[in-house]
Every structure is written in C-alpha cells, then in structure tokens.
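Contents: one structure, followed by commentary.
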Amino acid sequence: DDAVDAIPVHMFNGVWGMIATGLLSTPKKLMDAYGTDEHVGWFYSFDDFTLLGNQLLAVGFILTWVVVMMLPFFVTLNMLGWFRSDSLEELVGLDLSYMGTRQSLLMQADDDISDVGSHGASLTPAKQNEDLSETESLNNEKIAEVRRGRSPTPEQARDPGL
C-alpha cells in the first residue's frame with residue numbers, strides 16, 4: 001500500500017539514475033568531473049563494463065541495506081498492530097479517526113468562506129458544529145452497522161450521506 005507513490009518516485013527513479021550513469025557517462029563529463037576517462041558509460045565503450053557493473057553492484061548493495069535495515073522495523077510495527085490502520089477506521093475515514101473531522105467538511109468550509117463576497121453566505125461556528133455533529137452521527141451509525149456484521153459498501157464508506 002503506497003499511498004504517496006514513494007516507490008515509483010524514489011526507488012525506481014533512483015535505480016534508473018544509477019543505471020543511466022553506467023550507460024550514458026561520456027568521456028568528456030568523466031574527465032571534467034574526475035580527471036580521468038578510463039571507464040566510460042557502456043554505450044561509449046561496449047568492451048568496458050566496469051562503470052555499469054559497479055553501478056549495478058551499488059544498486060544491489062543499497063537495496064540489500066534497505067531491506068536489512070527496514071524489514072525488522074516493519075515486522076515489529078506489524079506485530080504491535082501499528083503497521084496499518086484498523087479496517088473500521090479505513091471504512092469510516094482516516095481523516096475523521098485521526099484528525100477528528102472529515103476533509104470534505106473542511107473543503108466545504110473553505111468554499112463557503114470564499115463565497116462570502118459573492119453570495120453573502122458565511123459558515124458560522126454553529127453551522128460548522130452542526131455539520132460535524134451530523135457527520136459524527138452518520139459515522140457512528142456506520143460503525144454500529146459494521147459491528148453488527150453489515151459492512152457498508154466502499155461508496156457508503158466514502159460518502160457519509162449514503
């Protein structure tokens with residue numbers, strides 16, 4: 001479960017950057033950076049696999065180090081029950097269970113506040129509390145249904161009005 005796409009952004013692009021260096025390093029850039037052009041990228045010298053081989057070896061070491069260092073951490077979190085949120089909290093919405101409010105209500109409040117000038121509407125604290133109380137009661141109903149064995153559909157879990 002990778003909600004923020006960290007794996008494709010950081011891991012895959014990092015691996016590609018390491019491999020691309022081993023493939024595409026030009027003699028001029030190596031000379032400018034390191035004062036030698038002895039081991040260039042594989043596309044510039046097909047008989048010299050040194051740079052690409054070292055880059056692939058480094059990728060292997062980095063991936064091994066990450067697995068060795070992080071696997072015990074994730075296993076421990078999983079054993080303690082801290083690795084994932086409770087499935088009931090996921091159904092109700094993590095914004096409500098962790099932050100105490102629904103993101104949709106906060107977005108609605110922003111929209112209502114920005115409409116003050118054009119429509120004369122305003123979101124008073126009483127209206128905010130009323131909206132939050134209504135959402136809390138709907139979510140409490142959902143929790144009761146789940147506990148009785150009647151799980152809401154994913155659409156019902158996302159929209160408190162269903």
Side-chain angles (χ1 to χ4, degrees), residues 1-111 113-114 132 135-136 138-140 142-162:
D1 196 16
D2 186 12
V4 295
D5 292 330
I7 290 173
V9 170
H10 296 283
M11 187 183 88
F12 292 151
N13 288 320
V15 168
W16 167 244
M18 297 283 290
I19 293 171
T21 300
L23 293 172
L24 304 171
S25 293
T26 65
K28 181 181 180 332
K29 297 287 184 184
L30 284 174
M31 184 60 81
D32 291 345
Y34 303 109
T36 182
D37 60 357
E38 186 177 350
H39 301 293
V40 296
W42 192 61
F43 288 161
Y44 293 93
S45 176
F46 289 116
D47 60 340
D48 187 5
F49 191 71
T50 305
L51 182 59
L52 180 57
N54 285 333
Q55 294 296 103
L56 291 172
L57 188 64
V59 167
F61 276 116
I62 291 168
L63 292 176
T64 302
W65 179 80
V66 168
V67 168
V68 167
M69 296 306 289
M70 296 311 296
L71 188 64
F73 177 71
F74 289 133
V75 168
T76 303
L77 285 177
N78 194 34
M79 286 177 12
L80 293 171
W82 297 348
F83 191 63
R84 289 197 56 108
S85 298
D86 182 63
S87 59
L88 180 61
E89 289 177 336
E90 288 180 3
L91 284 173
V92 171
L94 294 177
D95 51 352
L96 182 64
S97 64
Y98 287 138
M99 273 47 108
T101 186
R102 292 195 58 91
Q103 181 63 29
S104 58
L105 288 177
L106 293 175
M107 292 171 65
Q108 176 188 352
D110 286 343
D111 291 344
I113 289 170
S114 65
L132 286 173
T135 302
E136 282 180 22
L138 288 170
N139 282 319
N140 288 337
K142 284 184 200 174
I143 292 169
E145 286 180 19
V146 169
R147 289 190 176 137
R148 285 191 300 264
R150 293 191 299 258
S151 297
T153 65
E155 292 78 22
Q156 290 171 328
R158 281 193 288 281
D159 186 3
L162 292 178

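Source: prediction; values computed, not measured.
- Residues passing the side-chain contact (heavy atoms from CB on, under 4.5 Å) test with Trp82, sequence neighbours excluded: Leu77, Leu80.
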Give every donor-acceptor pair under 3.5 Å between a side-chain atom in residues 27-38 and any protein atom, sequence neighbours left out.
unit_1	atom_1	unit_2	atom_2	d
Lys28	NZ	Asp32	OD2	2.9
Thr36	OG1	Glu38	N	3.2

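- Not counting sequence neighbours, Phe61 has no partner by the ring-ring contact (aromatic ring centres under 6.0 Å, His included) test.
- Partners of Asp5 by side chain to side chain donor-acceptor pair (under 3.5 Å), not counting sequence neighbours: none found.
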Could you pull out every donor-acceptor pair under 3.5 Å between side chains of residues 45-53 and any protein atom, sequence neighbours left out?
unit_1	atom_1	unit_2	atom_2	d
Ser45	OG	Asp47	OD1	2.6
Asp48	OD1	His39	ND1	3.3
Asp48	OD1	Thr50	N	3.1
Asp48	OD1	Thr50	OG1	2.7
Asp48	OD2	His39	ND1	2.9
Thr50	OG1	His39	ND1	3.4

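- Applying the ring-ring contact (aromatic ring centres under 6.0 Å, His included) criterion to Phe43, with sequence neighbours excluded, gives no partner residue.
- Residues Tyr44 and Thr26 come closest through the heavy atom pair OH-CG2, 3.1 Å.
- Residues passing the side chain to side chain donor-acceptor pair (under 3.5 Å) test with Thr21, sequence neighbours excluded: none.
- The side-chain contact (heavy atoms from CB on, under 4.5 Å) check on Met69 picks up Trp65, with sequence neighbours excluded.
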Indicate every side-chain donor-acceptor pair of residues 8-18 with a distance under 3.5 Å to a residue at least two apart or in another chain.
unit_1	atom_1	unit_2	atom_2	d
Asn13	ND2	Pro8	O	3.3
Asn13	ND2	Val9	O	2.9

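- Looking at Leu63 and Val67, their side chains never come closer than 4.5 Å, going by heavy atoms from C-beta outward.
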